[in-house]
Amino acid sequence: MTEEKTPHPQNRPIFATEADARKGQAADAKQKPPTYAAEPALTKKSWLLIILLSFVGQVAWALENNFFNLFIQDVFNASLSDVALMVSASALTAAATTLLVGAWSDRVGKRKVFIGVGTILWGVSIIVFAYLQTISFALAGTAAAAMAFGVTLTIVFDCVMTFFGSLANDSCFNAWVTDITTDKNRGKVEGVNSAMPLLAMLAVFGGAMFLMIVRPDGTVTYDYPLFFIIIGCAVIALGILVLVLMDDSAPERKRDGGYLKSVLYGFRPRSMADNKMLYLVLLAYLVFATALQVFMPYYVLYLRLPYILGESYVFVMAPGIIIAAIFTILYGKTVDRRGFLRSVILPLVLFIAGCVVLTLFTGTAFIFAGSVLMLSGYLGAVACFGAEVRNNTPGGYVGMFQGVRIFMVVLIPMLIGPWIGSALSASSGSLGFGVVGDGFTPSSLVFLGGAVVALLTFIVLLAIRAERSKAE
């Protein structure tokens, strides 16, 4: 028996309240099966913008996640606490921005201007990092003061960069994609979107190799100003392209109540009751994202350990990323054809199997196989969850729910998962690979922890199946 899909929210009849809508749908279901007009396919222009915005946006995020930490340490001698503060401040900024701007874009009924102008300012804010060292030394009286001031400037501008990035990408680009897609093509779109983060990481690390500087003492740094300028200009060019090519989805303007009411709409008990399936899917996504965060912050650090892969890790990681990306792009079509519940099982099984292999073995062949399984499962599951979240987001409230999505699948997992991984490594003792003496290094037990947390996702999936059966 194939899984019955939920019709696209924007194709549903309009009712005074969502409760009335449910009653109306139930009455219609008793009379005859619903029929819906055929949805037009995405245009080539829309596909081009989806691919470019997803890839270039993820390149910018990959730069922030992987090189801002190195920049603040190499240039300003920042401490680990400074890095932790920067990461936390950025995560909170992203969540708050998505929540506030998503509701704003719903109220004004526009996406294009937020995406285009926001992307341009995003690129400008990245270029500013190329000049932070010059600014800090020009404004500070001493070298020590310049270092301290540089740390502060970096943290502040990381939040500024995150604000514009979340405004354009996390909030309005995601809402625009939901506006222009349906449950007939969202799996395919999410298959492409989900592959972009790791492809972007590959592009960023590959590009960084050409900007690498080996110091006389053998340590490695990078030509950060040139790096930031190149990526910043690429992001600005993308923003201009959006303003020229994008057709605004022009969602219906939402003026019900005040702005604050719109911002908090997704967190109201009434909203949760009216959209129970959406919150169940987000809960399953939250559990899976937490499982990923148990080990992902330590994944590259673990592979780089001299007795795991050492500096050759990139030659194992790169082909693994490419294989996983191809799998995800192809698998996205399966989500559209078979539905969420039937499609998400395979990626979850692959993810857990990959984590188990990475836990138990250190040989190069095993590391490669485990990485391919884990990455394929990770990207495939994200494609399934992303498509189903869009399918269950009510029409007219798309922007308002972007903040809820960020809180549940980004902020909370990032605040919980890494601490589980840290605790597992710190307390692993002689268990697991990767623990040397008294110093802290990632243990292979972080992958086992990720597998265990991922198993909890199946409990939420059972709740989703039960709720769907009850609704039917």
Side-chain angles (χ1 to χ4, degrees), residues 59-98 121-167 169-170 201 204-205 207-208 211-233 235-236 293 296-298 300-301 304 410-411 414-415 417-419 421-422 426 439-442:
V59 164
W61 288 134
L63 176 72
E64 181 201 25
N65 294 334
N66 296 282
F67 283 90
F68 280 11
N69 296 349
L70 296 177
F71 169 74
I72 196 173
Q73 290 176 307
D74 287 352
V75 176
F76 299 117
N77 295 326
S79 65
L80 290 178
S81 61
D82 293 327
V83 174
L85 175 61
M86 182 171 68
V87 172
S88 298
S90 176
L92 290 170
T93 300
T97 302
T98 306
L121 295 176
W122 192 9
V124 172
S125 66
I126 293 172
I127 292 175
V128 170
F129 279 83
Y131 302 98
L132 287 187
Q133 186 176 17
T134 302
I135 294 172
S136 61
F137 275 89
L139 297 180
T142 64
M147 291 293 187
F149 186 47
V151 169
T152 302
L153 279 180
T154 303
I155 294 173
V156 169
F157 276 96
D158 184 34
C159 291
V160 172
M161 178 263 195
T162 298
F163 170 77
F164 289 123
S166 294
L167 181 154
N169 192 277
D170 290 335
M201 184 183 296
V204 169
F205 275 99
L211 300 174
M212 185 182 295
I213 299 172
V214 181
R215 293 166 173 160
D217 61 357
T219 58
V220 173
T221 187
Y222 300 90
D223 185 347
Y224 291 111
L226 182 58
F227 203 4
F228 297 149
I229 289 172
I230 291 173
I231 293 183
C233 288
V235 174
I236 291 173
Q293 290 298 327
M296 190 52 78
Y298 315 109
V300 174
L301 293 176
R304 287 180 60 182
V410 177
L411 182 60
M414 286 181 66
L415 293 178
W419 291 102
S422 176
F440 171 72
T441 57

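In this text the structure is predicted, and so the values were computed from the model without any measurement.
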If you define the side chain from C-beta out and look only at heavy atoms, does anything of Leu121 sit under 4.5 Å from Ser125?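 Leu121 does not reach Ser125 side chain to side chain.
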For the residue pair Val124 and Phe164, establish whether any side-chain heavy-atom pair is separated by less than 4.5 Å. no
Residue pair Ala60 / Val235: nearest heavy atoms and the distance that separates them: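 In terms of heavy atoms, the two residues are closest at CB-CG2, 4.2 Å.
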Distance-only criterion, 3.5 Å: show the donor-acceptor pairs between side-chain atoms of residues 129-146 and protein atoms not counting sequence neighbours.
residue: Ser136; atom: OG; partner: Leu132; partner atom: O; Å: 3.1
residue: Ser136; atom: OG; partner: Gln133; partner atom: O; Å: 2.9
residue: Thr142; atom: OG1; partner: Ala145; partner atom: N; Å: 3.1

How many angstroms lie between atom CG of Asn77 and atom CD1 of Ile72, to the nearest 0.5 angstrom?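 If we round to the nearest 0.5 Å, Asn77:CG and Ile72:CD1 are 10.5 Å apart.
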About how many Å separate CG of Leu63 and OH of Tyr224, when rounded to the nearest 0.5 Å?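 Nearest 0.5 Å value for the OH-CG distance: 10.0 Å.
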With a 3.5 Å cut-off and sequence neighbours excluded, list the donor-acceptor pairs that the side chains of residues 150-162 form with protein atoms.
residue: Thr152; atom: OG1; partner: Ala148; partner atom: O; Å: 3.3
residue: Thr154; atom: OG1; partner: Gly150; partner atom: O; Å: 2.7
residue: Thr162; atom: OG1; partner: Glu64; partner atom: OE2; Å: 2.9
residue: Thr162; atom: OG1; partner: Ser90; partner atom: OG; Å: 2.9
residue: Thr162; atom: OG1; partner: Asp158; partner atom: O; Å: 2.8

Partners of Phe163 by ring pair (Phe, Tyr, Trp, His ring centres under 6.0 Å), sequence neighbours excluded?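 With neighbours one apart ignored, the set is empty.
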Run the ring pair (Phe, Tyr, Trp, His ring centres under 6.0 Å) test against Phe149 and tell me which residues pass, sequence neighbours left out.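 Result, ring pair (Phe, Tyr, Trp, His ring centres under 6.0 Å) vs Phe149: none returned.
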Parallel, tilted or perpendicular: rings of Phe67 and Tyr222 (30°, 60°):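 Judged by the thresholds at 30° and 60°, the geometry between Tyr222 and Phe67 is perpendicular.
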If the condition is side-chain hydrogen bond (donor to acceptor under 3.5 Å, both in side chains), which residues does Asp170 pass it with, not counting sequence neighbours? Ser166
Taking only residues two or more places apart in sequence or in another chain, which ones pass side chain to side chain contact (heavy atoms under 4.5 Å, CB included) with Leu92? Leu411
Please lay out, stage by stage, how Asn169 and Trp122 fare under the test side chain to side chain contact (heavy atoms under 4.5 Å, CB included). CA-CA 10 Å; Asn169 192 277; Trp122 192 9; 3.9 Å; yes
Before you tell me yes or no, could you show the steps for Phe227 and Phe71 under ring pair (Phe, Tyr, Trp, His ring centres under 6.0 Å), namely the whole-Å CA-CA distance, both residues' side-chain angles and the distance that decides it to 0.1 Å? CA-CA 11 Å; Phe227 203 4; Phe71 169 74; over 10 Å; no
Would a distance-only check, ignoring hydrogens and angles, find a side-chain to backbone donor-acceptor pair under 3.5 Å from Thr97 to Ala94?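 No, because the side chain of Thr97 does not come within donor-acceptor range (under 3.5 Å) of the backbone of Ala94.
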